[in-house]
Enquirer: 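Below you will find the structure I want to go over with you.
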Amino acid sequence: MLVNALKYSPPTSPVKVSWRDAADGGVYLEVEDFGPGIPAADIPRITERFYRVDVKRNQKIVGTGLGLAIVKHVLVRHDAKLDIDSQLGRGSRFRCVFPKQRVC
């Protein structure tokens, strides 16, 4: 997630990374960027293996399309989930949500 945020953001744009407590006793890791954003129609598919948003846009950006698929599968193994919010032209927020029973 962090690598993608850095890769898809302009060089001078900030990328925020934070751990936060959730209201239900769980925690979440959040990565927020201010890059080009992801079209709403692509958000349900970006965790699929080898899926890349708008191939023409990504020709200059090297990648396999496996990163977010791996993140999703690791989170499933920890009873966690990935939430994705994005707006075109405004950036994206990826949140790994860990349930209370997984917090030490």
Side-chain angles (χ1 to χ4, degrees):
M1 293 183 328
L2 179 56
V3 170
N4 282 354
L6 294 168
K7 191 186 302 188
Y8 289 96
S9 294
T12 59
S13 179
V15 172
K16 297 180 181 181
V17 179
S18 60
W19 278 99
R20 299 189 189 269
D21 293 326
D24 63 0
V27 296
Y28 58 90
L29 169 66
E30 188 171 85
V31 176
E32 182 177 10
D33 69 58
F34 301 93
I38 303 163
D42 289 309
I43 291 175
R45 298 199 59 204
I46 62 173
T47 58
E48 294 176 12
R49 284 177 268 174
F50 306 111
Y51 186 79
R52 307 254 339 245
V53 174
D54 191 359
V55 175
K56 289 180 185 175
R57 178 178 87 167
N58 294 331
Q59 286 177 344
K60 295 177 252 168
I61 299 175
V62 178
T64 60
L66 288 172
L68 291 175
I70 292 169
V71 168
K72 179 180 137 185
H73 287 285
V74 168
L75 291 174
V76 167
R77 299 284 294 181
H78 291 281
D79 301 323
K81 66 178 183 167
L82 179 63
D83 288 337
I84 303 166
D85 295 314
S86 187
Q87 292 182 0
L88 285 175
R90 301 198 72 187
S92 303
R93 182 181 317 138
F94 293 82
R95 186 180 292 144
C96 300
V97 182
F98 295 90
K100 179 171 65 172
Q101 65 267 23
R102 289 295 191 169
V103 178
C104 295

Enquirer: Return the minimal non-hydrogen interatomic distance between G25 and V103, and the atom names on each side.
Expert: O-CG2, 3.9 Å
Enquirer: Between SG of C96 and NE2 of H78, what distance do you get to the nearest 0.5 Å?
Expert: 10.5 Å
Enquirer: Taking side chain to side chain contact (heavy atoms under 4.5 Å, CB included) as the test, write out the residues that go with T47, two or more places apart.
Expert: L68, K72, L82, I84
Enquirer: Carefully, step by step, assess L75 and F98 under the rule side chain to side chain contact (heavy atoms under 4.5 Å, CB included).
Expert: CA-CA 8 Å; L75 291 174; F98 295 90; 3.6 Å; yes
Enquirer: Members other than V76 in its cluster, when Ile, Leu, Val, Met, Phe, Trp, Tyr link by side-chain heavy atoms under 4.5 Å?
Expert: none
Enquirer: If you apply the rule side chain to side chain contact (heavy atoms under 4.5 Å, CB included), what do you find for L66 with F50, and how did you get there?
Expert: CA-CA 5 Å; L66 288 172; F50 306 111; 3.8 Å; yes
Enquirer: Tell me whether W19 shares a hydrophobic cluster with V17, the cluster being built from Ile, Leu, Val, Met, Phe, Trp, Tyr side chains joined at under 4.5 Å.
Expert: yes
Enquirer: In this structure, would V71 and V97 fall into the same cluster of hydrophobic residues linked by side-chain contacts under 4.5 Å?
Expert: no
Enquirer: Sequence neighbours left out, what passes side-chain hydrogen bond (donor to acceptor under 3.5 Å, both in side chains) with D85? Give chain and number order.
Expert: none
Enquirer: Is there a path of hydrophobic side-chain contacts, each under 4.5 Å between heavy atoms of I, L, V, M, F, W or Y residues, that connects V3 with Y8?
Expert: no
Enquirer: State, to 0.1 Å, how close G91 and S86 come at their nearest heavy-atom pair, and which atoms those are.
Expert: O-OG, 3.1 Å
Enquirer: Using 0.5 Å steps for rounding, measure from the CD atom of Q87 to the CZ atom of R93.
Expert: 9.0 Å
Enquirer: Under the side chain to side chain donor-acceptor pair (under 3.5 Å) rule, what pairs show up with a residue in residues 23-36, not counting sequence neighbours?
Expert: E30-R95
Enquirer: Could you list the residues that satisfy side-chain hydrogen bond (donor to acceptor under 3.5 Å, both in side chains) with R49, not counting sequence neighbours?
Expert: none
Enquirer: Check P10 against G35 and note the closest heavy-atom contact, atom names and distance.
Expert: CD-CA, 4.0 Å
Enquirer: Once salt bridge (Lys or Arg N to Asp or Glu O under 4.0 Å) is applied, do any residues pair with R90, and if so which ones, sequence neighbours excluded?
Expert: none
Enquirer: Transitively linked via ILVMFWY side-chain contacts under 4.5 Å: L88 with F34?
Expert: no
